[in-house]
There are 2 protein chains.
Amino acid sequence: MALTQLAVVSTAVDILQQFGLADLSMRRLAKELDVQVGALYWHVKNKQELLAQVAAKLLNTPQLSVNADDFSTPADTILQLSRRLYLALLPIQDSPEVIEVATAMQATELSPVLQLRELLEASGLSAENARHGQQLLLNHILGSVAFRQNLVQLDVDAPLADGFDWGLQRAVAGLVS
Amino acid sequence: MALTQLAVVSTAVDILQQFGLADLSMRRLAKELDVQVGALYWHVKNKQELLAQVAAKLLNTPQLSVNADDFSTPADTILQLSRRLYLALLPIQDSPEVIEVATAMQATELSPVLQLRELLEASGLSAENARHGQQLLLNHILGSVAFRQNLVQLDVDAPLADGFDWGLQRAVAGLVS
DNA sequence: ACCTGAACACCGTTCAAGT
DNA sequence: ACCTGAACACCGTTCAAGT
């Protein structure tokens with residue numbers, strides 16, 4: 001396999017899924033690709049940019065989009081998209097950190113996050129308030145995933161009712177009403 | 001100054017405030033205290049525990065508590081406490097990460113976070129739902145602080161209306177109503 | 001009891017030099 | 001154009017040995 005940017009990012013995703021962010025080092029990545037560390041820097045600018053591309057690969061998938069026509073109300077569509085995001089990120093170790101790096105750099109577009117804002121605007125919010133609502137929902141999704149993943153790490157047996165969905169419903173109720 | 005646990009934690013807080021989490025390494029901390037790295041491990045178990053104590057020192061201050069009697073409604077009291085937390089954490093570089101470590105270990109009690117739950121319960125929520133509401137608000141506070149701090153880092157001039165307060169109001173409205 | 005010295009096993013990033 | 005080899009300046013943690 002030729003060492004391309006795609007190969008670097010894909011292997012990074014693999015390491016993240018299997019071992020978590022702590023094991024996703026440039027050196028470990030190089031080893032996995034049978035290449036010297038410096039070689040990676042020909043294909044990615046630095047680790048931050050790599051993580052942003054990893055985040056994009058995780059989120060920019062058709063699995064993570066909703067069709068507004070499939071739901072009765074805009075609020076329902078927002079709920080469904082939020083739940084899909086939560087459930088998609090939950091099994092990926094340290095995914096919240098990775099997504100935060102990507103949104104912080106705003107170098108890459110994360111389409112489900114964009115869709116969240118569009119749905120809020122479609123439900124009657126101003127462009128500005130839709131942005132703020134997007135922030136509230138994203139904060140809750142990422143924060144809840146991080147909290148849940150920390151519980152697993154501490155061997156606390158995770159209850160099904162982890163409060164994400166209840167909080168989500170109250171937040172959406174507060175946003176569109 | 002004798003090397004005590006208090007001295008170690010206090011110096012850690014200083015480094016965090018002045019230079020951020022990236023500079024708060026055990027080695028840097030040892031240098032600041034004119035001591036070898038290994039000496040620190042006599043006073044703190046590891047870096048995680050140190051960060052938890054740093055978080056406690058940051059949050060367990062009388063500045064960050066509210067008197068419910070000072071406000072007309074429970075919702076107002078919750079809003080005020082949330083705003084105080086946000087404003088207190090904002091000037092401290094990378095404070096959300098530090099608080100997250102502390103809450104993840106749940107080794108130390110962070111009193112403003114506890115008070116948030118108490119206020120939610122006082123406003124009529126069940127014990128369980130108060131916990132979930134606490135989670136929603138904490139997610140929004142920490143997420144908004146992290147987002148704002150990332151903007152500063154990228155030299156984007158921060159607008160006064162950063163959306164924290166609007167999102168907070170909608171969340172609280174959704175929670176207690 | 002408390003600290004030093006030194007090691008172990010790592011990091012991200014850069015860059016001359018090779019092909 | 002793409003990669004190697006090697007360096008630079010760091011990490012957290014442990015532990016025999018000193019006082």
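Quick note: numbers below take in every heavy atom, side chains included, and nothing from hydrogens, waters or symmetry partners. Note that the structure is predicted; figures quoted are calculated from it, not measured. Reminder, nothing fancy here: chain letters follow the sequence lines and each chain counts from 1.
Between the CD atom of A:Glu49 and the P atom of C:dG12 there is a distance of 15 Å, given to the nearest Å. Protein atom CG of B:Leu33 is 13 Å distant from nucleotide atom C1' of C:dC3, rounded to whole Å. Rounded to whole Å, the distance from CG on B:Asp34 to P on C:dC3 is 13 Å. Counting to the nearest Å, the C1' atom of C:dG12 and the CD atom of A:Gln48 are 12 Å from each other.
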Quiz item: Could you run down nucleotides 14-19 of chain D 5' to 3' and tag each one B, S or - for protein heavy-atom contact under 4.0 Å?
Solution: BB----
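Listed by first and then second residue, the salt bridge (charged side-chain N to carboxylate O under 4.0 Å, His left out) pairs involving residues 3-16 of chain B amount to none (not counting sequence neighbours). Pairs engaging residues 55-69 of chain B under the salt bridge (charged side-chain N to carboxylate O under 4.0 Å, His left out) rule: none recorded [sequence neighbours left out]. Within the structure, ring-ring contact (aromatic ring centres under 6.0 Å, His included) contacts touching residues 75-123 of chain B (residues at least two apart or in different chains) are B:Tyr86-B:Phe164. Applying the side-chain hydrogen bond (donor to acceptor under 3.5 Å, both in side chains) test to residues at least two apart or on different chains, the pairs with a partner in residues 15-32 of chain B are B:Asp23-B:Arg28, B:Arg28-B:Glu32.
In this view, B:Gln80 and B:Arg83 satisfy the side-chain hydrogen bond (donor to acceptor under 3.5 Å, both in side chains) rule, not counting sequence neighbours. Evaluation of the side-chain hydrogen bond (donor to acceptor under 3.5 Å, both in side chains) rule for A:Ser177 yields no partner, not counting sequence neighbours. Residues forming a side chain to side chain contact (heavy atoms under 4.5 Å, CB included) with A:Ala122 (at least two apart in sequence, or on another chain): none. With sequence neighbours left out, B:Gln169 forms a side-chain hydrogen bond (donor to acceptor under 3.5 Å, both in side chains) with B:Asp165. Legend: residues meeting side-chain hydrogen bond (donor to acceptor under 3.5 Å, both in side chains) with A:Ser72, ordered by chain and number and at least two apart, are A:Asp76.
The strand DNA chain D forms stems, runs of 3 or more Watson-Crick or G-U wobble pairs with distances below 3.5 Å, at C:4-8 with D:12-16, C:12-16 with D:4-8.
The same atom, C1', is picked in D:dC8 and in C:dC11; the two are 12 Å apart, to the nearest Å.
Checking the phosphate oxygens (OP1, OP2) of C:dC3, no side-chain nitrogen or oxygen of B:Gln36 falls inside 4.0 Å. Checking the phosphate oxygens (OP1, OP2) of C:dC3, a side-chain nitrogen or oxygen of B:His43 falls inside 4.0 Å. Proximity of B:Trp42 to the phosphate of C:dC2: a side-chain N or O atom is located under 4.0 Å from OP1 or OP2.
The cluster map of Ile, Leu, Val, Met, Phe, Trp and Tyr, joined by side-chain heavy atoms under 4.5 Å apart, puts A:Trp42 and A:Leu29 in different clusters.
Residues A:Leu110 and A:Ala102 come closest through the heavy atom pair CD1-CB, 4.2 Å.
Scanning residues 17-31 of chain A for heavy-atom distances under 4.0 Å to DNA chain D yields A:Arg27.
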